[in-house]
Number of protein chains: 2
Amino acid sequence: MRNVKMVVAYDGIRYHGFQAQNRTGLKTVQGELEQALETLTGEEISIIGSGRTDAGVHAWGQVVNFRSGTRIPEEKVPFALNSILPRDITVREAEDVPEDFHARYSAKKKTYCYTVYNDRHMSPFWRQYAWHVPVGLDAGNMRAAAAEFIGEHDFTAFCANNTEDGNYVRRIYAFTVETQGPLVRFTVTGSGFLWNMVRIMTGTLLEVGKGKRSPEDITALLLAKERRRAGMTLPPQGLCLQEVIY
Amino acid sequence: MRNVKMVVAYDGIRYHGFQAQNRTGLKTVQGELEQALETLTGEEISIIGSGRTDAGVHAWGQVVNFRSGTRIPEEKVPFALNSILPRDITVREAEDVPEDFHARYSAKKKTYCYTVYNDRHMSPFWRQYAWHVPVGLDAGNMRAAAAEFIGEHDFTAFCANNTEDGNYVRRIYAFTVETQGPLVRFTVTGSGFLWNMVRIMTGTLLEVGKGKRSPEDITALLLAKERRRAGMTLPPQGLCLQEVIY
């Protein structure tokens, strides 16, 4: 059996997240990919994703792997699948990988991007890919605050309350804030992320940008480990899984 | 009565073009704007657009004007309308203009942009805003060909056959071809455009980019004035009315 790794991009708007659901009728990205693979190969294939993405969250570089006996050459796999898949899911790359490659367990780092559209009136072209902030944001203060997240910390204060995960320690390698016209892009690379962690960190940075908090508050929040003291969870449509690093 | 000018952006995917249709049940941008204005002012308002855009075509800078007795200050009008309008239509600006301003007749120039996504696999994020070209394009040759359009010409060869317009002469002021990663942006400014003219000109430039025609062919096509000799009409989703200049 081959072990095939694929890099997948998707517009998450129509989907109830990446991971297949037991409830019927809910479309998921995993479900669409498995159905397309079955159509292509005639095999019943289960794919492993690098992790879940929530309903409405996008991906440019989600990584999956699956076992198959298909003889389709690796470079043909994206073309074949893209001709079957709905147009909001694209297989960007496919390659044969060693037996022990596992999209989830082999992942070393992940990069997420959260996009904010910062102008008085929202652009109709960004409504499904960014969160609208109509008031001025201090990019310098947001950058200083983002830098406070870098390093190894307990992120209890920055994850959804009902996260069932015993270990809240994660390492952040980089956290940048870039502006490009009305767009503000928050890009964070970490060893892994707790549930809603990127959306809560970015929501807290926006409060710094609005002058409601100071950059130094981030360290205090990390130490306090209380979810209710951090900022709001931003909505899903601004979030995109950019890259998974192995 | 006030004469109010507005700059309107819209994602055209859901609409049967800009202009209100007599047939019922077809959503148009004009219809949505007039309905929102009626909700806001209590008046029955007809808006005048700078021109039609076809079904599926977008706008960043469509301009309209309308007469109204409303006392809402001009700077409040966009906020009020945007709170009523669907999220794929945004009023970017509104201002009181002199009595004789007419969105269509007063227009001096228009700028359209056609976006091509030039990579092996289409991005799910551009599927509604660009046309996918999976083969290599020679940007230098496309630029040389685009320059051939500049000046005053008879555009009979570059408009839909059933255009009922006695005068096919238009002036092109600028036609640029810019690449940015996988995106190729064709931006053209002219005194006005015939039906499908931008989509046919860009379709012909793509054939130059693919090496199927040479840049010098453009002048020959303009002189021949035969629609069937020019390139294909590109689909609407890559087209955007960027700006109307008065």
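Letters A, B, ... mirror the listed sequences (proteins, then strands); counts begin at 1.
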Please set out all donor-acceptor pairs under 3.5 angstrom arising from side-chain atoms of residues 199-211 of chain A, sequence neighbours excluded.
| from | atom 1 | to | atom 2 | distance (Å) |
| --- | --- | --- | --- | --- |
| A:R199 | NE | A:L234 | O | 2.8 |
| A:R199 | NH1 | A:D54 | OD2 | 3.3 |
| A:R199 | NH2 | A:L234 | O | 3.3 |
| A:T202 | OG1 | A:V198 | O | 2.8 |
| A:T204 | OG1 | A:I200 | O | 2.8 |
| A:T204 | OG1 | A:G231 | N | 2.9 |
| A:E207 | OE1 | A:R213 | NE | 2.5 |
| A:E207 | OE1 | A:R213 | NH2 | 3.0 |

With a 4.5 angstrom heavy-atom cut-off, which part of A:F79 approaches chain B: side chain, backbone, both or neither?
both
Can you establish whether the number of heavy atoms outside A:R120 located under 6.0 Å from its atom CZ is more than 12?
no
Has the side chain of B:T90 got a donor or acceptor atom that lies under 3.5 Å from a matching backbone atom of A:S123?
no
Please give me the minimum heavy-atom distance between A:F125 and B:Y10, naming the atom from each residue.
CZ-O, 3.2 Å
Most heavy-atom pairs under 4.5 Å with chain B, out of A:V91, A:I89, A:D119, belong to A:V91
With a 4.5 angstrom heavy-atom cut-off, which part of A:R92 approaches chain B: side chain, backbone, both or neither?
backbone
Greater than 12 external heavy atoms within 6.0 Å of B:R104's CZ:
no
More than 12 heavy atoms of other groups within 6.0 Å of A:R52 CZ:
no
What residue in B:M122, B:Q128, B:R87 has the most heavy-atom pairs under 4.5 Å with chain A?
B:R87
Does the side chain of B:D88 come within less than 4.5 Å of A:R127's, by heavy atoms?
yes
With a 4.5 angstrom heavy-atom cut-off, could you sort out which part of A:N82 is near chain B: side chain, backbone, both or neither?
side chain
